[in-house]
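Notes follow once the structure below has been shown.
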Amino acid sequence: MSAKDLYHEAIKSLAAADTGHGRLEAPDGRATLDNPLCGDRVEMEAQLAQGRVAALAHRVKGCLLCRAAASVIGKRAPGASAEEIERLTADLTDMLERQRPPPAGWEELSAFAPVHAHRSRYGCVLLPFKALLAALRAARS
Amino acid sequence: MSAKDLYHEAIKSLAAADTGHGRLEAPDGRATLDNPLCGDRVEMEAQLAQGRVAALAHRVKGCLLCRAAASVIGKRAPGASAEEIERLTADLTDMLERQRPPPAGWEELSAFAPVHAHRSRYGCVLLPFKALLAALRAARS
Amino acid sequence: MSFDPAALRRQFPLLAGDPELHYLDNAATAQLPQAVLDALVAHETHARANVQRGSYPLAEGATEAYERARESVRRFLNAGRADEVVFTSGTTAAINVFAHAFGARLAAGDEIVITRAEHHSNFVPWQLLRERRGAALRVLPLAGDGRIDLARLAEAVTARCRLIAITHASNVTGALTDLAAVVSAARAVGARVLVDGAQAAQHGPLDVQRLGVDAYAFSGHKCFGPNGVGVLWVRRELLESLPPVFAGGGMVGRVSLEETTFADAPARFEAGTPPIAQAVGLAAALEWMLSLPWAEIRAHEERLARRLLAALAGMDDVAILGPRETRERLPIVAFNLRGIHSHDLTQVLGDGGVCLRGGHHCAQPLHAAFGVEASVRASFALYNDDADIDALIAGLAAARRTLR
Amino acid sequence: MSFDPAALRRQFPLLAGDPELHYLDNAATAQLPQAVLDALVAHETHARANVQRGSYPLAEGATEAYERARESVRRFLNAGRADEVVFTSGTTAAINVFAHAFGARLAAGDEIVITRAEHHSNFVPWQLLRERRGAALRVLPLAGDGRIDLARLAEAVTARCRLIAITHASNVTGALTDLAAVVSAARAVGARVLVDGAQAAQHGPLDVQRLGVDAYAFSGHKCFGPNGVGVLWVRRELLESLPPVFAGGGMVGRVSLEETTFADAPARFEAGTPPIAQAVGLAAALEWMLSLPWAEIRAHEERLARRLLAALAGMDDVAILGPRETRERLPIVAFNLRGIHSHDLTQVLGDGGVCLRGGHHCAQPLHAAFGVEASVRASFALYNDDADIDALIAGLAAARRTLR
Ligand SMILES: Cc1ncc(COP(=O)(O)O)c(C=O)c1O
Ligand SMILES: Cc1ncc(COP(=O)(O)O)c(C=O)c1O
């Protein structure tokens, strides 16, 4: 598994698109999460409506993998329920750790399949998802 | 160097003689020293007259080497000055560590020459001397 | 797998290299099998790198090996989760870290129960905590048979009790502690139980979930692993609640001049570069242990202990410390020969290749309870056999001749 | 002895076994020479026993080996006495032990001076001490060139200052600290100086007496020794005055239920079974280092650093952290490639066998001072050569292609 496999075009264009980047005017919840290993930081803001993500925005200081993951969130998370995001994060973890198929409906996540070979980078992919979960928790409480 | 060399008759009879064992009625100084490695304990009492050991007494919970050393003290220390005891202890240390000849006037200490090969036992021989030095310091202050 | 102590002995280079050596100081340190040495050497020659912060393949490999080692410890302890396993430099460090972390939330008047049978490493840290936090210590005494007097638990464990810190087995008498009784006494008042497993870990895999305790400490070097590594296992919910003790690289979240946040456990308790090669070696030792037939080994060790106890009981100048039977004990036997100091005795025995430890074995309060300063201790491991006991008995006879 | 990096490289089994490996993460951990591995294996196969309390020949031998290791450290540091050397599990443990022991006598309002260039291991322990004891921290900033701004010493070191805790060299910028200036500022107010020597120790024997400092900490694994061992050296008169931190076997005098007395230093600070085999391995590493021609090695390392600095200075998408010259620096160079994250970069480099570390290198306050979160770091040791730099430069070109 070479770094070329890791940094293929799909990942790079996801990161470049940076879908969802920005701030919300009036978020219901926000969270800032750090990756203690590299100092990366994800700030995530979300609005909820009827238990579903109505809007979100993120700002990411991070690596390509982290930015690409945040971009997938920006594209797919609106409309999802907090429970769906939770299940999805578990599925994504399984995909990374155990080479399971990508979660249904979030096909972009298959771009991260090669990360399986690099345990030290799992955290990079998961950080935006954990930040989103934290923001949703904050929104509900 | 075998244990037979260590535990020769001279050492055993010194230990058995236990010269100086007991208590003083009115010691000028006393000290109790432990060997932290084995829990051995030497209690030493001394009386001083004109800077010299006028009388001493010890009680030793310890191994053969420790008891034999205390016995040599009981025999030789009376009459010696604190400075002489200090020099002697340094010479004895040298004898153990560097196989130097035994200190002049304390020929019994040559019985401890084989201890040289057993660094873990140096402390057993030296403990009564250190206790004596501590008792003399206590007597002078 | 069928069990043959001689075959096991051949797996230990130090023992294989010296057939005349009768190593009976296993409670102080166990020897190292070739498989563990190989794992250490393989790690240093193929996988050496710092962990956790590197993304080149060598560093990724070292990190994975280190985390796999945590999983081996989990299996050995049958812990619920690998992230309950904190690597330390040994049992002593593990207990001290726990004492500092757990102690940080104690108030004056809170009580900690320890026992007279403890090794200094599970005794003095609590005395220091008493000084630091004003907590009170209650010390369970020994019963007439030399075991910890658990009949006094009800009295010692009051509503103010926050922790019982107790040994799984005495490193002097070999007596095993009935942890079920301890745990239920603790639960009754909402106290926690920390177990010093330094001795127990050498005698087979454990089950911390079945024991029901909250924290467990042991050392690599006493269970056929390297020096310089040990384990503090703490039940997740308790571990998560504890503050860090030592600080440095690897245990922080965000560090700024004003304030610092800390990483989740177990990283929070592993400040600095951990003992990576040693953890890998410990994992090899524990995996090796997990592959052994422990029912047979325990029976073998018990038989050796019984034979030695019987032989000593037949000598009228011998006083055994603690229980004389093999029920609920490890194969550790401490005794004194009348009129002969323990260090003189071990010196003469050592001369004949019989390795026993003399002294207080870092258990002065226990020795004081028996009215002695010191003792000699024979401790058996899985590679010992009858020849070791023969040599010990012959050595005692020689010592009587030499030392009296 | 004449110096040939290729010959040295052949002494390192991991490097010799993989000619395509360009190991440039020496600041994180150095590789292990065969001589040290041999010493470790020899110890475990011929001399393994617990120390200090055994009087059979194997235990006496292990104790002597352990104490000889202390003497090797003394020689490496040119310390006055071997009993000023405390073995710990690493630099981080050494600094934390010192922080606890020294900190025990601080009062609220006493001041400790640290710097923005510190590794978290010499930063966060003092923040914890601030919380524990109410001591105040003063943090020396960086100057324009990225070095610690020693011109601010006079202002930072007040009459309330009790300690300056400062790194000998930054693990990010490689900048060496002018310790003479630090020591004289400390002396002027009667403060002590603790030096974090984790990085400096890899680059040749030291002279703590000439440096005039009071305490010095370093790790085995960063100077060609094993993991799991480190050194805290403290000037005798200060060490003797410090209270113990961790408690347990080997560091006590007499233990009773009521009270406990402590052994003299260094034993007082070495609770529990120490890292015996690791200390023996560290001694082998230090003796090996003492046998090398350091003037030539330093010139070689400096030439490598100069060449890399020049190459990076010629790339317009590179930003170097800290000084760009080789004067008063170790061969450590941290930098960023514009628009490329350090971990993506080290991942691609690692693919080509070039081992560099990315991230904050446990120095977040320093990175913040440079306005960045992270960097990649190349750190040279005595076995590196031009081929390593060639591979790194080629790797940077490949990374630009792959990552942009
Ligand atoms: C300057 C500095 N100080 C302290 C440390 C901590 O050393 P260790 O992780 O070996 O405890 C390091 C290395 O990680 C370092 O570079
Ligand atoms: C019961 C017990 N507890 C604690 C210890 C301390 O273990 P270590 O010295 O490996 O830290 C020992 C062994 O020395 C022991 O036997």
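Below, read A as the first sequence line, B as the second, and so on, with proteins coming before strands; counting in each chain starts at 1.
- Contacts of C:Ala277 with chain D are made by both backbone and side-chain atoms, with heavy-atom separations under 4.5 Å.
- Considering all non-hydrogen atoms of both residues, D:Pro13 and D:Pro33 come closest at CD-C, 4.2 Å.
- Both the backbone and the side chain of D:Gln347 come within less than 4.5 Å of a heavy atom of chain C.
- Heavy-atom distances place both the backbone and the side chain of C:Leu32 under 4.5 Å from chain D.
- When only modelled atom types and interatomic distance are considered, C:Ser55 and D:His343 share no side-chain donor-acceptor pair under 3.5 Å.
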Passes side-chain hydrogen bond (donor to acceptor under 3.5 Å, both in side chains), D:Ser375 versus D:His361? Steps please.
CA-CA 8 Å; D:Ser375 62; D:His361 314 296; 3.2 Å; yes

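- C:Ser219 places no side-chain N or O within donor-acceptor distance of the main-chain N or O of C:Ala198, the cut-off being under 3.5 Å.
- Contacts between D:Ala47 and chain C at a heavy-atom distance below 4.5 Å involve the backbone alone (N, CA, C, O).
- Counting heavy-atom pairs closer than 4.5 Å to chain C, the top-ranked of the candidates D:Leu58, D:Asn122, D:Leu21 is D:Leu58.
- A donor-acceptor contact shorter than 3.5 Å links the side chain of D:Arg377 to the backbone of D:Asn171.
- Using modelled atom types, no side-chain atom of D:Arg268 and backbone atom of D:Pro243 make a donor-acceptor pair closer than 3.5 Å.
- Contacts of C:Thr45 with chain D are made by both backbone and side-chain atoms, with heavy-atom separations under 4.5 Å.
- Contact annotation for C:Phe12: neither backbone nor side-chain heavy atoms come within less than 4.5 Å of a heavy atom of chain D.
- For a residue to count as touching a neighbouring chain, one of its non-hydrogen atoms must lie under 4.5 Å from one of that chain's; by this rule D:Ala99 does not touch chain C.
- Per-residue counts of heavy-atom pairs under 4.5 Å with chain C were compared for D:Val97, D:Val255, D:Thr260; the largest is that of D:Val255.
- When heavy atoms are compared at a cutoff of 4.5 Å, D:Thr346 approaches chain C by way of both its backbone and its side chain.
- Looking at C:Leu257, both its backbone and its side chain come within 4.5 Å of chain D, counting heavy atoms on both sides.
- Donor-acceptor pairing under 3.5 Å is recorded for the side chains of D:Thr115 and D:Glu118.
- At distances below 3.5 Å, at least one donor-acceptor pair connects side-chain atoms of D:Ser342 with backbone N or O atoms of D:Gly359.
- Residue with the most contacts toward chain C among D:Gln364, D:Glu131, D:Glu259, D:His46: D:Gln364 (heavy-atom pairs, distance under 4.5 Å).
- In this structure, the portions of C:Glu44 lying under 4.5 Å from any heavy atom of chain D include both its backbone and its side chain.
- Highest contact tally toward chain C, considering only D:Val252, D:Ile276, D:Asn227, D:Thr92, is held by D:Asn227 [criterion: heavy-atom pairs under 4.5 Å].
- Using a cut-off of 4.0 Å between Lys/Arg side-chain N and Asp/Glu carboxylate O, D:Arg254 and C:Glu373 are scored as salt-bridged.
- In this structure, the separation between CH2 on D:Trp126 and CD1 on D:Ile95 is 7.5 Å, given to the nearest 0.5 Å.
- Of all the listed residues (D:Gly228, D:Ala28, D:Ala247), the one sharing the greatest number of non-hydrogen pairs under 4.5 Å with chain C is D:Ala247.
- When heavy atoms are compared at a cutoff of 4.5 Å, C:Gln31 approaches chain D by way of both its backbone and its side chain.
- When heavy atoms are compared at a cutoff of 4.5 Å, C:Val348 does not approach chain D at all.
- Residues D:Phe87 and D:Tyr66 place their aromatic rings such that the two centres sit under 6.0 Å apart.
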